[in-house]
Protein chains: 2
Amino acid sequence: MFEATLSVPASHAQGSLLAQAYADRPRSDSRPASCAGCTRRQACLAGGLNGPDVEKFAAIVHLTRVIRQGETLFRAGDAFRSIYAVRTGSFKTVIAHRDGMEHVSGFLFPGDVMGFDGVHANRHEVSAIALEDCTVCVLPFSLLEKQCQESRSLQHQIYTLMSTEIVRESALMMLLGVMSARERVAAFLVNISTRMQQRGYSASLFNLRMTRDEIGSYLGITLETVSRTLSHFQKKGLVRAAGKQIEIVDIEGLRAV
Amino acid sequence: MFEATLSVPASHAQGSLLAQAYADRPRSDSRPASCAGCTRRQACLAGGLNGPDVEKFAAIVHLTRVIRQGETLFRAGDAFRSIYAVRTGSFKTVIAHRDGMEHVSGFLFPGDVMGFDGVHANRHEVSAIALEDCTVCVLPFSLLEKQCQESRSLQHQIYTLMSTEIVRESALMMLLGVMSARERVAAFLVNISTRMQQRGYSASLFNLRMTRDEIGSYLGITLETVSRTLSHFQKKGLVRAAGKQIEIVDIEGLRAV
DNA sequence: CGAGCCTTTGATTACGGTCAAACTTGGTGG
DNA sequence: CCACCAAGTTTGACCGTAATCAAAGGCTCG
């Protein structure tokens, strides 16, 4: 049953609303606006599509879902049905090994798309957990594939997004494989700064929604090392860090690390 | 010019032959056999396609290329035109950072497909280098995309292969992020063993074509640590290693590490 | 058959992990 | 609205794994 994969209790008000929304086919007069007017459209799946294609694409967006902080959007092992575009809020994706080892494999911000890991074996291989209250667009993959048969630009867009994910992971592998702790933290800060800027936020002052533990897991170091490294950067005048509030003082200095 | 991306000197005999082969459209009576009869078909792009689709797909394989040991199939920065399926031999893929840092991001065996990193920005982000004399099938990506518009199963197959690459990289990220040196080497040996077996070779006795340095780069450890760890495993009776010749004595013991 | 590359092993070092404790923040309920 | 408690963060002390430096032996392939 669909509810089962949502990780939202059936009794939850949001769950009921969503089930209802899913049952109702979107009306053509309201749905297209969900993409055409979306502020994150360029960064998302609809980016690069022309007018008619955007409308066709928007028809695929069956529903948007609300995920509360700490809740799971999908879990490793869940049947794969949809990919998800972040509308608001932020997520982490987590890979788990049988021995209980866990590794944060990514942080997602508005416009980012997740779930492509599920195509491989028709089940998700990672879990996605909300770092704050979030909304996502749900894109049933079979509908997407069907639509791709009729729109070559959409097909290409999916290939591009998956390729981007491959390249992103390659860069992260290099970080995990060859960089020192300081280089990792510096690269992380530069990466977050860039992505904040792309989304129209300040590149130099932002709130990290993830904990030191999650950052450490992502970077392959311990939370203590993350904290120490931030203190070190602060002493060198590269950043000002007060808990989750981070101010980048010298971005070029960070790039040079 | 096409030659420029091949990393094969124009004066080289192989280069001329290939240019000629590429100029000539494949004859319909000979080309389909190149996939229908390929021993690695199931593992490759053509896997999961039915009869007619295999023929259509085979028409995309413009040519096969020979790459000598140490030569580059494509280089980071090269214009992206094709993806490549390994027919015979083995490759490594390498990511380079500006500072000269290099990281081996993958080893490819017959049936493996590479080059999906190129879709992202229409240029390759990694380099592929032959570990021995190799042959590859060249699959021009624009032809592939065109054919995908007419075959939903082929389209799905490409999505699946790209997803598989995403999942492979996720697993490697976990290895690089949380595992000890011994765990990494053990996981590497198990992985190679499995892939050898899938290709019809012995799961317990094989020749590694890559150096300790390349293995170390792949696993995010030094070549000395690779060597020491293999010696350690040998002392514990898990493997017998004599240079590049590796014999797995106790695969379950390795899995348990 | 020899030169260069690869591999192995040893000695030492250092980076980041682990353990520990104090402090801060933020969410919850009285 | 404030107090309290749990979760998160910082900092310190110490330790261990794997990196680094070094050197000798072994393959491979021109």
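FYI, side chains are in, hydrogens and waters are out, and symmetry mates aren't considered; it's all heavy atoms of this structure. Letters A, B, ... mirror the listed sequences (proteins, then strands); counts begin at 1.
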Looking only at the side chain of [X] (C-beta and beyond, no hydrogens), which of the listed nucleotides [options] gets closest?
X: B/Lys244; options: C/dC6, C/dG16, D/dT9; value: C/dC6
X: B/Glu224; options: D/dT20, D/dG8, D/dT10; value: D/dT20
X: A/Ala181; options: C/dG16, C/dT8, D/dT11; value: C/dG16

Just to confirm, is there a sub-4.0 Å distance from OP1 or OP2 of [N] to any side-chain nitrogen or oxygen of [X]?
X: A/Ser180; N: C/dC15; result: no
X: B/Thr222; N: D/dA19; result: yes
X: A/Arg228; N: D/dT10; result: no
X: B/Thr225; N: D/dT17; result: no

Nearest-Å distance for atom pair [atom1]/[atom2], residues [X] and [N]:
X: A/Ile215; N: D/dT9; atom1: CD1; atom2: P; result: 7 Å
X: A/Leu208; N: C/dG26; atom1: CG; atom2: P; result: 13 Å
X: A/Arg209; N: D/dA7; atom1: CZ; atom2: C1'; result: 16 Å
X: A/Ile221; N: C/dG17; atom1: CD1; atom2: C1'; result: 11 Å
X: A/Arg212; N: C/dG16; atom1: CZ; atom2: P; result: 18 Å
X: A/Gln245; N: D/dG8; atom1: CD; atom2: P; result: 19 Å
X: B/Leu131; N: C/dC6; atom1: CG; atom2: C1'; result: 15 Å
X: B/Arg182; N: D/dA19; atom1: CZ; atom2: P; result: 13 Å

Which part of the nucleic acid does [X] contact within heavy-atom distance under 4.0 Å: base, sugar-phosphate only, or nothing?
X: B/Leu223; value: base
X: A/Gly220; value: sugar-phosphate
X: A/Ser227; value: base

(Q) Pair B/Phe107, B/Tyr218 - check ring-ring contact (aromatic ring centres under 6.0 Å, His included), show working. (A) CA-CA 9 Å; B/Phe107 295 116; B/Tyr218 179 66; 4.9 Å; yes
Going by an N to O cut-off under 4.0 Å, is there a salt bridge joining [X] and [Y]?
X: B/Glu252; Y: B/Arg255; answer: yes
X: A/Arg199; Y: A/Asp112; answer: yes
X: A/Arg212; Y: A/Glu214; answer: no

Q. If you pin A/Gly243 and A/Met179 to their nearest nucleotides in DNA chain C, which one's is more 5'?
A. A/Met179
(Q) Quiz question: by atom type and distance under 3.5 Å, do the side chains of A/Ser170 and B/Glu169 form a donor-acceptor pair? (A)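 A pair is found: one side chain offers a donor N or O, the other an acceptor, under 3.5 Å apart.
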Q) Is there a donor in the side chain of B/His232 and an acceptor in the side chain of B/Arg182, or the other way round, less than 3.5 Å apart? A) yes
Q) Short question: side chain of A/Thr88, backbone of A/Thr135 - any donor-acceptor pair under 3.5 Å? A)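 Yes, because the side chain of A/Thr88 sits within donor-acceptor range (under 3.5 Å) of the backbone of A/Thr135.
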Q | Whether A/Phe74 and A/Tyr84 hold their rings parallel, tilted or perpendicular, with breakpoints at 30° and 60° | A | parallel
Q) Going by number, which of residues 89-98 of chain A have a non-hydrogen atom under 4.0 Å from DNA chain D? A) none
